[in-house]
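What follows is a set of notes on a single structure, which appears directly below.
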Number of protein chains: 2
Amino acid sequence: MADLSGFLSELASESPTPGGGSVAALAGSLGAALNSMVCNLTIGKKKYAEVESEMEELLGKAESLRLELARLIDEDAAAFDKFMDAMKLPKETDGDKAKRRDAMQSALVDAATVPLAVMEKCVEVASLARDAAAKGNRNAVSDAGVAVLMARAGAHAARLNVIINLGSISAPEHKAFVDMASEAVQTLAADADSYADEVMSVVETKLAG
Amino acid sequence: MADLSGFLSELASESPTPGGGSVAALAGSLGAALNSMVCNLTIGKKKYAEVESEMEELLGKAESLRLELARLIDEDAAAFDKFMDAMKLPKETDGDKAKRRDAMQSALVDAATVPLAVMEKCVEVASLARDAAAKGNRNAVSDAGVAVLMARAGAHAARLNVIINLGSISAPEHKAFVDMASEAVQTLAADADSYADEVMSVVETKLAG
């Protein structure tokens, strides 16, 4: 099996990146990958011929989300590093200070934008898990359940990372972004929970039946 | 950053291992690693000198859980493979059939035992996140939040994998195990939720303050 110990060690280290933001994106990508697995275990099976084309379509969407969320693992770390670079800018003159402040504020907007995108993708992963649980290979129904659990955890983890960055954005020109993002995280978190509750209820019923 | 794409591709593939059980263990290990990171970002900082020895102890526990849960990622896949091997045993004579049935039942007990251990470890990770959130470096409080979200998701994901295996164990000699495990998963899931609610409330308060 592929070796995960390198990532886990880097995560545990005193370096702030990768951190919780990257884990949020990874959780979403793991959920997407499990949706893909359910599709792959359904496609080509006689018993599931009726849902074959639906599963093919689901697989395409899940794979694209898996890759996009995997890309966001690194992008979250890169956004944080950009903020650290901005902090290191000179602050001798008033001009320096203004330039540094602008660079830091703009880096914070980017650092909030990445986990916001992660939340959106995680909610999409959760919506795919609904179809995977309802129509996919019954033997893999627990995997669709794990997919939605990871998607929900990823969405909430990303929400914390949006909020912690929004809290430091004070520049008036970014106020519209802060207002939009503050509202979006509430809606997206509620969507993730609602998909998760729905999918878990389908999974529990199938596991009991 | 360490390359995760290999694991994500293997997960998405039509091979049933690694699957949701391995992801449950990985989620727990990610949570443990984030607890370690919070400790590492706290130890050696003047501002947190008072909790230094506590953080050292927490780090030791988190690192041991991180490694143990990483080991369980592979062990979950191995237990499933052992079940698949048992299914392939000959079933010509009555003796064959009895031997095959015993091997399958015993493999199912192992396949339920691994995620049960994952649940126990995830609850420990969640309990460490409580101290990390309450006493660790405030700048990393969202990471302690992500740690508990991963621990909770890992516990619930593992629960599904215990249940799906318990459902196929019918041999009378394993009844005591089934009863014990059925009860344990309920208690452990409730513990994970309760730690998560508590930690998230601390995290939200610190993020708002």
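Remember, it's a predicted structure, so these values are computed and weren't measured experimentally. Here is how names work: the chains are called A, B, and so on, in the same order as the sequence lines, proteins then strands, and each is numbered from 1.
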Just so I know, are the side chains of A:Val125 and A:Leu69 near enough to count as touching, which here means a heavy-atom distance under 4.5 Å?
yes
Contacting moiety of A:Val38, where chain B heavy atoms sit under 4.5 Å
neither
Contact part of B:Val148 toward chain A, heavy-atom cut-off under 4.5 Å: side chain, backbone, both or neither?
neither
State the CE-CD distance between A:Met55 and A:Glu57, to the nearest 0.5 angstrom.
10.5 Å
So, B:Arg159 and A:Glu204, do they make that salt bridge, N to O below 4.0 Å?
yes
Are side-chain heavy atoms of B:Gln105 and B:Ser170 found at a separation under 4.5 Å?
yes
Do B:Lys121 and B:Val118 make a side-chain contact, defined as non-hydrogen atoms from C-beta onward lying under 4.5 Å apart?
no
Close side-chain approach of B:Val146 and A:Asn161, heavy atoms under 4.5 Å
yes
For each of A:Ser36, A:Ala33, A:Ser5, tally heavy-atom pairs with chain B at distances under 4.5 Å, and name the one with the top tally.
A:Ala33
Give the member of B:Ala153, B:Ala144, B:Ala208 that has the highest number of heavy-atom pairs under 4.5 Å with chain A.
B:Ala153
Largest heavy-atom contact set with chain A, pairs under 4.5 Å, which of B:Leu26, B:Leu59, B:Leu41, B:Ile163:
B:Leu26
Heavy-atom proximity to chain A below 4.5 Å, by part of B:Asn35:
neither
Taking every non-hydrogen pair under 4.5 Å, which of A:Gly145, A:Ser13, A:Gly44, A:Ala196 racks up the most with chain B?
A:Ser13
Under 4.5 Å to a heavy atom of chain A? For B:Leu207 that would be side chain
Quick one, A:Leu4 and A:Phe7 - any side-chain contact, counting heavy atoms below 4.5 Å?
no
Region of B:Ser15 in contact with chain A, defined by heavy-atom distances below 4.5 Å:
backbone
